[in-house]
Visitor: 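Handing you a structure now.
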Amino acid sequence: MADNNYDVVIIGAGIIGAAIGYELNKKGRRTLNVEMLPAAGYGSTSNSCAIIRLYYSTLDGCAMAYDGYHYWKEWAHYLQAPEAEPLASFIDCGTLIMKTEQNEGLRKQLVHLDALGITYRHWTNQQILERFPYYDLSNFAPAKPLDDPDFGEPTSGEVDGAIMFPNGGYITDPQFATRNIQLASERVGGSFLFNSRVTEIPTNDGKVQGVVLDDGTRIDAPVVVNVAGPHSSQINALAGADKDMNISTRALRQEVVHVPAPEGVDYLSTGCVTSDSDSAVYTRPEVGNNILIGSEDPPCDQHVYVDPDDYDKGFSDQWTLQAQRLAQRFPSLGIPNTMKGCVDLYDVTEDWIPIYDRSCIDGFYLACGTSGNQFKNAPVAGKAMAELIEYCEAGHDHDREPMQYHLEYVDREISLGTFSRLREVNQDSSFSVLG
């Protein structure tokens, strides 16, 4: 760190924090990402499922995801990376969404997808079985806890086919992808400071002045951006920025399961991302011919909100529950005795839609509540936040006249008011990791 004065201090160096720094530096602002952990993407980003999909509950959410997909497809171009630089891999294997009673056959979402010209195909149950002959397409909903005597018993009928999105997939190494953005940011003047925790955010007459670190170092900056992930609510409180927030953030404990594919099933080659609200899990292929299993947060599962500095990092019965839920659909799936996967935190809002906004403290900005479903949007969020900061710092009143952000690849404007801290809870949300 050459000096203690910057144009912008960004609290956090996860995938979105790194992207915001990159975009601000391209606009000529000197940035410093301050990260409490040893490396970029080392926190909750490192355990992200890193799924790239195009379907969300809202039109703006779908538009952002579609725009984001193109950055991942053109990753080297986005980064302006040297030809020999190793880059994270995007496995563009497609995504398969079961049509269920719970998601109403995606009828509402298909209206958004049609408006955006997103390609998808309706699959019959026969087509699903041609791709996945080991599936049981029975309905099992509603989701049940393991101790329910009817757990695993089919209810009535079968799922009503699926929607196949040929565009979509996953990033094999989310932390490495964040490292890619860090290097891109540094090439255009960005700086990063690791193993440093923000303990104070000084203000003067309602205007942010910079940050103070745990070793007493003060870093002056007229702009500070909170991208602290599961610690975002603590950072907002330090700045006094939580006083007018109608939408809040909390750290939610999550478990992700890794199980081996059954013998004879080459899941890395034949699998894809799946979302199945009937069995209440989503999946993707994982290295080593494993299957990654995440929860779609059904009502019967308890949400465990925790102190991000003090929570149980061991597996629980939730691990077994998620594995068994996939085994309903995939009866030949074996459940190993050794639990593998990860336990980490989501930073979530009441409606699981993020906050990309200014705050009641001038110069203090929010990119919070992003966990679980915003990894894929990191390049778009970086660009939108950089433009929002310029918009507000130029004197515009974003609260009264929300900034319109023009998506680069989709050629469409979205209102950042959709992601306001002042909004009402969005009733169009899935109220789950699906956003």
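Just so you know, these numbers come straight off a predicted model, no measurement behind them.
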Visitor: With Arg250 as the cation and Tyr305 as the aromatic partner, state whether NZ or CZ is under 6.0 Å from the six-membered ring centre and within 45° of the axis.
Guide: yes

Visitor: Is it the case that Glu393 and Tyr365 place a side-chain donor and acceptor less than 3.5 Å from each other?
Guide: yes

Visitor: Out of Asp244, Asp242, Thr349, which residue meets the side-chain hydrogen bond (donor to acceptor under 3.5 Å, both in side chains) rule with Arg421?
Guide: Asp244

Visitor: Could you check whether Arg358 pairs with Asp397 (Lys NZ or Arg NE/NH1/NH2 to Asp/Glu carboxylate O, under 4.0 Å)?
Guide: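 Looking at Asp397 together with Arg358, the answer is no, because their closest N to O distance does not fall below 4.0 Å.
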
Visitor: Look at Asp278 together with Arg329 and state whether they make a salt bridge at an N to O cut-off of under 4.0 Å.
Guide: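 Counted as a salt bridge, because a side-chain N and a carboxylate O are separated by less than 4.0 Å.
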
Visitor: Should the pair Lys27-Asp7 be classified as a salt bridge under the 4.0 Å nitrogen-to-oxygen rule?
Guide: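 A salt bridge is absent here (no side-chain N lies under 4.0 Å from a carboxylate O).
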
Visitor: For Thr274 and Thr283, test the side chains for any donor-to-acceptor distance below 3.5 angstrom and give the result as yes or no.
Guide: yes

Visitor: If the condition is side chain to side chain donor-acceptor pair (under 3.5 Å), which residues does Tyr120 pass it with, not counting sequence neighbours?
Guide: Asp114

Visitor: According to the ring pair (Phe, Tyr, Trp, His ring centres under 6.0 Å) rule, which pairs have a member within residues 209-261, sequence neighbours left out?
Guide: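 Sorted pair list comes back empty.
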
Visitor: Please check if any side-chain donor atom of Gln324 sits under 3.5 Å from a side-chain acceptor atom of Gln328, or the reverse.
Guide: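 No pair is found: no donor N or O on one side chain lies under 3.5 Å from an acceptor on the other.
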
Visitor: Kindly indicate, with the supporting measurements, whether the criterion ring pair (Phe, Tyr, Trp, His ring centres under 6.0 Å) is fulfilled by Tyr78 and Tyr22.
Guide: CA-CA 10 Å; Tyr78 164 68; Tyr22 178 40; 5.4 Å; yes

Visitor: Could you list the donor-acceptor pairs under 3.5 angstrom formed between side-chain atoms of residues 407-415 and any protein atom two or more places apart in sequence or on another chain?
Guide:
| from | atom 1 | to | atom 2 | distance (Å) |
| --- | --- | --- | --- | --- |
| Glu408 | OE1 | Tyr71 | OH | 2.6 |
| Asp411 | OD1 | His406 | NE2 | 2.9 |
| Ser415 | OG | Gly417 | N | 3.0 |

Visitor: When Trp72 is tested against each of Phe375, Tyr170, Tyr66 for ring pair (Phe, Tyr, Trp, His ring centres under 6.0 Å), which residue passes?
Guide: Phe375

Visitor: Examine distances only and state if a side-chain atom of Arg253 and a backbone atom of Asp312 form a donor-acceptor pair shorter than 3.5 Å.
Guide: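 Checking the backbone N and O of Asp312 against the side chain of Arg253, a donor-acceptor pair under 3.5 Å is found.
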
Visitor: Of Ser277, Ser275, Ser279, which is the lone residue that meets side-chain hydrogen bond (donor to acceptor under 3.5 Å, both in side chains) with Glu296?
Guide: Ser275

Visitor: Would you say the side-chain atoms of Gln254 and Ser295 include a donor-acceptor pair closer than 3.5 Å?
Guide: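 No - no donor-acceptor pair under 3.5 Å links their side chains.
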
Visitor: Is the shortest side-chain N to carboxylate O distance from Lys383 to Asp67 below 4.0 Å?
Guide: no

